[in-house]
Chemist: 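Here it is, the structure, as structure tokens.
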Amino acid sequence: MHFTKLSLLAAAILLDTGNCQHHPLRIPPIPKNSSRVPNDLQSISIEFAFFPDYAGNKSQPNHFTKNLLHNLKSITGTAPKVRVGGTSQDHATYYPDQKDNIQLIYQNPGDDQPIQINYGPAFFESYHTLGEIKYLHGLNMNQNTSTKQLEIATVDACKAIGSQLHLFELGNEFNFAPGKYRAANYSLIDYANEWNTKSDVVKSAAEKACPGSFPGFMAPSLVLLDFIVNTTWTAEGLYKLGYDRHNLTRELCFHNYMGVRTTPGPPPQWDLQRTLMNHTSIVQNLQQQIQRSENLAYLGLPYTLGELNSIANQGRDGETNVFGDALWLVDFSLWAAEHGMKRLHFHQGLKYRYASWQPIAIEGAPPATRPPYYGQIMVASAIGHSRDTRIVNIPLAEDTESAYAIYHGARLSKLVITNLRAFNQTSMHRPSRRYEFTLPGRYQSAKIERLIGPGSDAVGNITFGGISYDHALDEGKPVRLHAGERSGIRHGELTVHVPDSSAVLVTLE
């Protein structure tokens, strides 16, 4: 019944045009200076400690997680890649004789992450429960007594994961190592030398135990360096010191979060509008990553964000677990893709406030699809099955809006418009903005798919294109709740109404 009301609301608010954009925006006829966007742009990172919860095992596979990943594959034709890593990978010790798949040891009850993880061979069952997924497997670089344990962990991982192993990852955010994992004077050259030595150990062990060529590494897996104060560590400096001397890296990897230095202020929706539902904030946040990708382009490696999400430290209630976060994810992903980011691994973990889904029942709460997942579905739908998708930003006037043109090859195919103005679900009147576009080419009509929920502060009752992916309906499989929408195009002019706190994907026909 509630979904029926939401459908009526979505239709009714289209009648209120609110602020108007008076001059039609001209869409470029071709995507100049743009690069191809991979179909698996929307990928996943899962905290090492919680991977069995997300994937299950052979006797009890997690069908919910499998369904959600399959949804993305069915939309783009390519399965998302799953990175298994994070802080807990550098606290994980492999015991080949351990019967349990994993044992978690917490310093304090209720902590977001354990301080020690012991895992055994049964842990690798989880890599074979989710279908045809390629994995990036995290190895512990923090362990420093000998390299024997690293060799054993490498051999059993490559044997067990087999052809589904995409890349190894050695260490997580090791630019935090000085004073944490290593002595306070541990330097960039110390890190380069240690990684070089241990990566050689991994390569040698894998080549002896596993047939075929060595897959290589995703590296250096450093968190956004600019947020670490008083450090001489830089990515550019790292490679000048001889890091990866044997060219074992296949993909560059850095981590990214929003609001790292931002002090939260009540109420949460103020931060939501200031930090996440704000196109200028997104542009500023990604600026240093874009510059770094340009500085390291000479390496000839794809630039990925191997771990990212909205607000650091597992997110914030009322900001990253609400619908506004889904709108942030759409704008962030498209801006990153336009500027050359080849894959985005959105980080997941049990009880994490920014998670795209909760994979199991925990603390009395059932499994659930969270708002950010709907943002991932929309971005995947914008990319589609084309093997030559390109994205061009259409500049708009305000912080609280963004637009993108999506091309398949040289042909304009789709438009994405986000209205980032916060709208609280308890408010009675929901404004809408009108956008007018002048299109190149002869288009007759348009399919309209809306990313919409009751408000930017909503945690449920969200749909994209009239479809729900909620666990409660069909364990994450798509369920249509209301009919699709179309719009006519006259003389090359298209008009779209976008309610506050919503986004629209327009497919041109």
Chemist: Does D112 pair with R353 as a salt bridge, N-O distance under 4.0 Å?
Modeler: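 Judged by the 4.0 Å cut-off on N to carboxylate O distance, D112 and R353 do form a salt bridge.
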Chemist: Does the side chain of E338 pick up a donor-acceptor pair with the side chain of N393 at under 3.5 Å?
Modeler: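 Short answer, no.
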Chemist: Looking only at heavy atoms, which two atoms of N71 and P478 are closest? And how far apart?
Modeler: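 Answer, listing the atom of N71 first, then P478: OD1-CD, 3.4 Å.
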Chemist: Taking the six-membered ring for Trp and the single ring otherwise, decide whether the centroids of Y119 and F51 are under 6.0 Å apart.
Modeler: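 Between F51 and Y119, which both carry aromatic rings, the centre distance is not below 6.0 Å.
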Chemist: Judged by modelled atom types alone, do Q289 and Y303 share a side-chain donor-acceptor pair under 3.5 Å?
Modeler: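 Their side chains do contain a donor-acceptor pair, which is all the 3.5 Å distance test asks for.
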Chemist: Determine whether E493 and P24 make a side-chain contact, defined as any pair of heavy atoms from C-beta on separated by less than 4.5 Å.
Modeler: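 Side chain of E493 against side chain of P24, heavy atoms only: contact under 4.5 Å found.
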Chemist: For D388 and R36: C-alpha separation, side-chain torsions, deciding distance, then whether salt bridge (Lys or Arg N to Asp or Glu O under 4.0 Å) applies.
Modeler: CA-CA 6 Å; D388 192 14; R36 187 183 69 83; 5.6 Å; no
Chemist: Under 3.5 Å, is there a donor-acceptor pair between the S402 and T418 side chains?
Modeler: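 On atom types as modelled, these side chains qualify, holding a pair under 3.5 Å.
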Chemist: Are Y374 and F323 an aromatic pair, judged by ring center distance below 6.0 Å?
Modeler: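 Between Y374 and F323, which both carry aromatic rings, the centre distance is not below 6.0 Å.
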Chemist: Would you check if there is a donor-acceptor pair between the side chains of H128 and Q164 at a distance under 3.5 Å?
Modeler: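 On atom types as modelled, these side chains qualify, holding a pair under 3.5 Å.
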Chemist: Using the ring of each side chain (for Trp, its six-membered ring), is Y54 parallel, tilted or perpendicular to W357, with breaks at 30° and 60°?
Modeler: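 It falls in the perpendicular class, over 60°.
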Chemist: Looking only at side-chain N and O atoms, does Q113 offer a donor or acceptor that is under 3.5 Å from a partner on Y352?
Modeler: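 Present: a donor and an acceptor within the cut-off.
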Chemist: Check the side chains of D500 and N419 for a donor-acceptor pair under 3.5 angstrom, ignoring hydrogens and angles.
Modeler: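 Short answer, yes.
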Chemist: Ion pair present between E401 and R421, side-chain N to carboxylate O less than 4.0 angstrom?
Modeler: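 Looking at E401 and R421, the cut-off is not met.
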Chemist: Kindly say whether the aromatic ring centers of Y257 and H347 come within a distance under 6.0 Å.
Modeler: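 No; H347 has its ring centre 6.0 Å or more from that of Y257.
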Chemist: Indicate whether the side chain of D331 and that of H279 have a donor and an acceptor atom separated by less than 3.5 Å.
Modeler: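 Side-chain D/A pair, D331 to H279: present.
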Chemist: Under 3.5 Å, is there a donor on one side chain and an acceptor on the other for S381 and E449?
Modeler: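 Absent: no donor and acceptor within the cut-off.
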Chemist: Do you see a donor-acceptor pair shorter than 3.5 Å between the side chains of R433 and T400?
Modeler: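 Indeed, the side chains of R433 and T400 share at least one donor-acceptor pair under 3.5 Å.
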Chemist: Check the pair K180 / E173 against salt bridge (Lys or Arg N to Asp or Glu O under 4.0 Å), numbers first and verdict last.
Modeler: CA-CA 11 Å; K180 180 180 180 181; E173 299 180 358; over 6 Å; no
Chemist: Taking atom types as modelled, is there a side-chain donor on E251 or H166 under 3.5 Å from an acceptor on the other?
Modeler: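 Side-chain D/A pair, E251 to H166: present.
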Chemist: Between H482 and R480, do the side chains contain an N or O donor and an N or O acceptor separated by less than 3.5 Å?
Modeler: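 H482 vs R480: no donor-acceptor pair found between side chains.
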Chemist: Has R292 got its NZ or CZ under 6.0 Å from the middle of the six-membered ring of F254, at an angle within 45 degrees of the ring axis?
Modeler: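 Pair R292/F254 counts as cation-pi.
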